[in-house]
Amino acid sequence: MKLNELSKISSSFSNTEKMPVLFLGHGNPMNAIEENEFVEGFRKVATEIPKPNAILCISAHWETSGTFVTAMGYPKTIHDFGGFPKQLFEVQYPAPGSPALAEETKRIVTKTAIGLDHDWGLDHGAWSVIKHLYPNADVPVIQMSLDYNQPPQYHYDLAKQLSVLRRKGVLIIGSGNMVHNLRLVAWNQINTVGYAHDWALEAKEKMNDFILNGNHDSLINYKANGRAFELSIPTPEHYLPLLYTLALKGKNEPVSLFNDKSIAGSLTMTSVKIGG
């Protein structure tokens, strides 16, 4: 893509109908190259929403001190994992970035300072799922980092300030996993879709109920929900992107779940769509 074409795309954030918001349970990096029901779910949801002018992705895999957005014209594809087949490391997702969207995000967020990052790129929390939504890599993508110093309420409140972007044709995606405990994976059930430890199933059912009934306070204050949540969210980075998605729900907007399955005992692929 030539520089003048990139500039044209990046500056074309005219007013649009309100874009939906997604939370995508990204799961195993191998989902980037495998065919399964989950990647089919990602592809299907892309057919149900308008094609965006750009994407802002909050991934579990970019944690920083402070909050940053990627601001380069051509973000690199980051292979931030180990022990996987060569084929996965060879995947490139050459979507353009959007310095214009990065600047606009910095401008509209007043709750905190937003730094402009020129080093990161697209980590697998972003590209492994976005590639199924837009396989031609023809939608500009920027990422927003997770400030690991901040509590859940901070992330929820910050996300609310992004709502104006929904009327600029920007698809906001949170990418993580609601239940994510790699230390308690049932390796003997690694390929059994639907298998869940009792505590993981309990947490999944409660999370889904809170989401569908708009009980965001219980999700923000997840540490008050008992042992099942404690085991399901041993560290917050895969859970926090959910809060960014939920914070953007408008009054009376529909909420639906897809890919709502457990895997390997201690993970869920549950994904959320907000809006039409």
Side-chain angles (χ1 to χ4, degrees), residues 21-32 38-39 41-42 56-65 67 78-84 120 122-130 132 143-156 158-159 172-186 190 193 196-197 199-208 210-211 216 218-223 225-248 257-273:
V21 187
L22 300 175
F23 172 79
L24 301 179
H26 65 241
N28 189 326
M30 289 296 290
N31 287 323
F38 303 119
V39 301
F42 299 147
L56 188 160
C57 182
I58 302 94
S59 163
H61 294 281
W62 190 25
E63 294 182 274
T64 55
S65 182
T67 302
I78 303 172
H79 300 88
D80 50 332
F81 41 68
F84 290 94
W120 188 245
L122 301 180
D123 59 55
H124 82 272
W127 63 260
S128 72
V129 288
I130 295 173
H132 294 299
Q143 281 195 224
M144 174 177 278
S145 69
L146 294 169
D147 185 347
Y148 56 69
N149 299 307
Q150 301 295 341
Q153 187 71 55
Y154 167 92
H155 297 281
Y156 185 86
L158 170 58
I172 300 173
I173 298 175
S175 176
N177 292 97
M178 294 186 210
V179 175
H180 184 269
N181 190 330
L182 297 183
R183 291 173 294 180
L184 296 178
V185 165
I190 193 69
V193 174
H197 299 311
W199 52 266
L201 182 59
E202 177 187 342
K204 173 182 173 303
E205 291 177 348
K206 287 184 177 178
M207 289 175 187
N208 289 359
F210 292 153
I211 291 167
H216 293 183
S218 290
L219 291 161
I220 293 167
N221 300 304
Y222 67 88
K223 291 184 178 180
N225 291 323
R227 181 64 172 165
F229 274 66
E230 182 181 338
L231 289 169
S232 297
I233 313 170
T235 56
E237 77 288 339
H238 275 77
Y239 179 81
L240 291 175
L242 171 68
L243 299 185
Y244 280 79
T245 297
L246 296 179
L248 289 161
L257 305 178
F258 61 101
N259 285 358
D260 187 27
K261 300 274 185 76
S262 302
I263 56 173
S266 63
L267 301 164
T268 56
M269 295 294 291
T270 304
S271 301
V272 183
K273 181 177 78 165

Q: Pick out which of His124, His180, His132 makes a ring-ring contact (aromatic ring centres under 6.0 Å, His included) with His26.
A: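 Only match with His26 under ring-ring contact (aromatic ring centres under 6.0 Å, His included): His124.
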Q: Run the numbers on Asn225 and Leu219 for side chain to side chain contact (heavy atoms under 4.5 Å, CB included), then give the verdict.
A: CA-CA 9 Å; Asn225 291 323; Leu219 291 161; 6.0 Å; no
Q: Decide yes or no for Ser266 and Trp199: does some side-chain heavy atom of the first lie under 4.5 Å from some side-chain heavy atom of the second?
A: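 Sidechains of Trp199 and Ser266: in contact.
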Q: Is there a donor-acceptor pair under 3.5 Å between the side chain of Thr245 and the backbone N or O of Leu22?
A: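 A pair under 3.5 Å: yes.
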Q: Starting at OG of Ser59, measure out to CD1 of Ile78 and round the result to the nearest 0.5 Å.
A: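 If we round to the nearest 0.5 Å, Ser59:OG and Ile78:CD1 are 9.0 Å apart.
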Q: Could you go step by step and tell me if His79 and Trp127 meet the ring-ring contact (aromatic ring centres under 6.0 Å, His included) rule?
A: CA-CA 10 Å; His79 300 88; Trp127 63 260; 5.5 Å; yes
Q: If I take atom OG from residue Ser65 and atom CG from residue Asn149, how far apart are they, to the nearest 0.5 angstrom?
A: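 It comes to 4.0 Å.
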Q: Starting at NE2 of His61, measure out to OG of Ser128 and round the result to the nearest 0.5 Å.
A: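 If we round to the nearest 0.5 Å, His61:NE2 and Ser128:OG are 7.5 Å apart.
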Q: In Å, rounded to the nearest 0.5 Å, how long is the span from CG of Leu267 to CG of Asn181?
A: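 If we round to the nearest 0.5 Å, Leu267:CG and Asn181:CG are 8.0 Å apart.
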Q: So among Ile211, Asn208, Asn259, which one has a side chain to side chain contact (heavy atoms under 4.5 Å, CB included) with Thr270?
A: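 That would be Asn208; it is the only one of Ile211, Asn208, Asn259 passing the side chain to side chain contact (heavy atoms under 4.5 Å, CB included) with Thr270.
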Q: For Tyr154 and Thr67, what are the C-alpha separation, side-chain angles and deciding distance, and is it a side chain to side chain contact (heavy atoms under 4.5 Å, CB included)?
A: CA-CA 11 Å; Tyr154 167 92; Thr67 302; 3.1 Å; yes
Q: Atom CD in Gln153, atom CG in Leu243: separation rounded to 0.5 Å?
A: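 Spacing of CD (Gln153) from CG (Leu243) equals 9.0 Å.
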Q: Which residues pass the salt bridge (charged side-chain N to carboxylate O under 4.0 Å, His left out) test with Arg227, sequence neighbours left out?
A: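 Partners of Arg227 under the salt bridge (charged side-chain N to carboxylate O under 4.0 Å, His left out) test: Glu230.
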Q: Holding to side-chain hydrogen bond (donor to acceptor under 3.5 Å, both in side chains), I want the full list of residues that pass it with His155, two or more places apart in sequence or in another chain.
A: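 side-chain hydrogen bond (donor to acceptor under 3.5 Å, both in side chains) check on His155 returns Tyr244.
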Q: Got Asn28 and Phe84 here, is their nearest side-chain heavy-atom distance under 4.5 Å?
A: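 Yes, at least one pair of side-chain atoms sits under 4.5 Å.
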Q: Give the intermediate values and the outcome of side chain to side chain contact (heavy atoms under 4.5 Å, CB included) for residues Val179 and Met207.
A: CA-CA 9 Å; Val179 175; Met207 289 175 187; 4.1 Å; yes
Q: Which distance, rounded to the nearest 0.5 Å, do you find between the CD1 of Ile220 and the CG of Leu242?
A: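 Reported value, rounded in 0.5 Å steps: 10.0 Å.
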Q: Can you confirm whether Leu257 sits close enough to Val272 that some side-chain heavy atom of one is under 4.5 Å from a side-chain heavy atom of the other?
A: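 They are in side-chain contact.
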Q: Quick check: closest heavy atoms across Ala60 and Leu146, and the distance to 0.1 Å?
A: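 The pair with the smallest heavy-atom distance is CA-CD1, 4.0 Å.
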Q: Evaluate the side-chain proximity of Asp123 to Gln143: yes if any heavy-atom separation is below 4.5 Å, no if none is.
A: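 Contact flag for Gln143/Asp123 side chains = yes.
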Q: Do Leu240 and Pro152 have side chains that approach each other closer than 4.5 Å (heavy atoms only, starting at C-beta)?
A: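 Leu240 reaches Pro152 side chain to side chain.
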Q: Could you note down all residue pairs passing salt bridge (Lys or Arg N to Asp or Glu O under 4.0 Å) where residues 259-270 supplies at least one of them, sequence neighbours left out?
A: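 For residues 259-270, and leaving out neighbouring residues, the salt bridge (Lys or Arg N to Asp or Glu O under 4.0 Å) pairs sorted by first residue read Glu37-Lys261, Lys204-Asp260.
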Q: For Trp120 and Thr64, run side chain to side chain contact (heavy atoms under 4.5 Å, CB included): C-alpha distance rounded to whole Å, both residues' side-chain angles, the deciding distance at 0.1 Å, then the answer.
A: CA-CA 11 Å; Trp120 188 245; Thr64 55; over 6 Å; no
Q: Determine yes or no for a side-chain-to-main-chain donor-acceptor pair under 3.5 angstrom, with Asn177 supplying the side chain and His238 the backbone.
A: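 Not confirmed, Asn177 side chain does not pair with His238 backbone.
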Q: So do Phe38 and Val193 actually touch side chain to side chain, heavy atoms under 4.5 Å?
A: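 Sidechains of Phe38 and Val193: in contact.
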Q: What I'd like to find out is whether the side chain of Asn31 reaches to under 4.5 Å of the side chain of Met269, using heavy atoms alone.
A: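 In contact.
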Q: Is any side-chain heavy atom of Phe42 closer than 4.5 Å to a side-chain heavy atom of Ser271?
A: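 When only atoms from C-beta onward are counted, Ser271 and Phe42 do touch, with a gap below 4.5 Å.
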